[in-house]
Amino acid sequence: MEFKTLFLALALSAVSTASAVPQTAQIVGGVAATAGEFPFIVSLQRSGSHFCGGSLLNSRTVLTAGHCAVGMTPSTLRVRAGSLNRGSGGTLVGVSSIGIHPNFSSSTLDSDVAIFKLSTAIPASSTIGYATLPGSGNDPVAGSTVTVAGWGTTSEGGSSPALLRKVDIPVVSRTQCRADYSVAEITNNMWCAGLAAGGKDSCQGDSGGPIIDTASRVLLGAVSWGEGCARAGAPGVYARIGTLLSWITSNL
């Protein structure tokens with residue numbers, strides 16, 4: 001399976017593509033986001049470069065994907081909030097600590113969430129807000145519309161846009177997603193979304209970013225993995241916040 005982090009995607013691009021492997025994500029088939037639509041989204045950066053997305057849960061806490069945190073050193077990271085541009089504007093702060101879900105598996109990507117604690121608080125403002133978490137056990141309803149946002153590439157193996165983008169996609173039932181992948185690959189801590197025909201998806205650089213209920217704006221998941229980007233019969237896979245909520249809230 002393939003993560004949707006930008007650093008890994010760049011490394012993978014240098015490897016032979018003779019065999020298909022799951023890839024990390026970016027927004028494919030979407031449109032530009034507007035100011036205020038995702039006041040809680042943040043860009044995670046290392047050495048000045050964006051590599052994953054995240055969601056502000058309060059002034060000092062960011063939720064992202066577990067695989068975005070593996071091997072990372074807090075002192076080398078920065079978080080940009082309150083800007084549509086991943087490279088400028090808004091507020092840029094450091095990271096003081098990183099916590100990865102204790103059940104996270106780098107091989108299966110089960111329980112794919114992590115918490116970054118910020119070294120400086122980011123207060124709510126006209127451009128910055130905090131995500132609303134779902135209820136315990138929340139499982140997005142098949143066929144309902146969700147929205148994923150990020151600075152990921154706009155095509156598989158493509159370039160990453162400077163400005164935030166979003167795309168609306170339908171939730172895919174877990175039964176169908178397991179048929180598309182396998183029962184073993186799609187755990188109860190995951191859910192899926194995308195078009196059967198492909199064409200709309202998250203992609204490289206979107207990992208860890210938010211996917212929300214389009215109507216309520218509740219944060220339902222974090223971008224996790226998928227086979228390529230926007231391929232037919234290969235929906236995007238997202239960490240299921242509803243089953244991981246107790247650990248998340250214990251780290252707020």
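Numbering of residues begins at 1 and proceeds along the displayed sequence.
How far OG of Ser173 is from CD1 of Ile186: 11.0 Å, rounded to the nearest 0.5 Å. Rounded to the nearest 0.5 angstrom, Arg240 CZ and Asp112 CG are separated by 15.0 Å. In this structure, NE2 on His67 lies 11.0 Å from CD1 on Ile100, to the nearest 0.5 angstrom. A distance of 8.0 Å separates CD1 of Ile212 from CG of Leu219, quoted to the nearest 0.5 Å.
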Checking side-chain contact (heavy atoms from CB on, under 4.5 Å) for the pair Leu133/Thr249: CA distance, chi angles, key distance, verdict? CA-CA 9 Å; Leu133 292 169; Thr249 55; 4.2 Å; yes
Could you give me the CA-CA distance, side-chain angles and deciding distance for Thr64 and Leu44, then say whether side-chain contact (heavy atoms from CB on, under 4.5 Å) is met? CA-CA 9 Å; Thr64 187; Leu44 306 185; 3.5 Å; yes
Step-by-step side-chain contact (heavy atoms from CB on, under 4.5 Å) determination, Leu220 to Ile241: CA-CA 6 Å; Leu220 301 178; Ile241 291 177; over 6 Å; no
Going through the checks in order, is the side-chain contact (heavy atoms from CB on, under 4.5 Å) test met by Glu156 and Arg231? CA-CA 9 Å; Glu156 189 174 321; Arg231 297 183 187 179; 2.6 Å; yes
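Shortest non-hydrogen contact noted between Ser83 and Gly89 is CB-C, 3.7 Å.
Between Trp151 and Phe51, the ring center distance fails the sub-6.0 Å criterion.
Judged as a side chain to side chain contact (heavy atoms under 4.5 Å, CB included), and not counting sequence neighbours, the contacts of Leu92 are Gln45, Arg78, Arg80. For Asp168, the side chain to side chain contact (heavy atoms under 4.5 Å, CB included) partners at least two apart in sequence or on another chain are Thr145, Thr147, Thr214. Under the rule for a side chain to side chain contact (heavy atoms under 4.5 Å, CB included), the partners of Ala230 that lie at least two apart in sequence or sit in another chain are Val28, Asp201.
In the model, Asp110 has no side-chain atom that pairs as donor or acceptor with a side-chain atom of Ser105 under 3.5 Å. A side-chain N or O of Ser202 and one of Tyr238 form a donor-acceptor pair less than 3.5 Å apart.
The cationic atom of Arg60 (NZ for Lys, CZ for Arg) does not lie both less than 6.0 Å from the six-membered ring centre of Phe116 and within 45° of the ring axis.
Between Arg178 and Glu185 no salt bridge is recorded (no basic side-chain N to carboxylate O distance below 4.0 Å).
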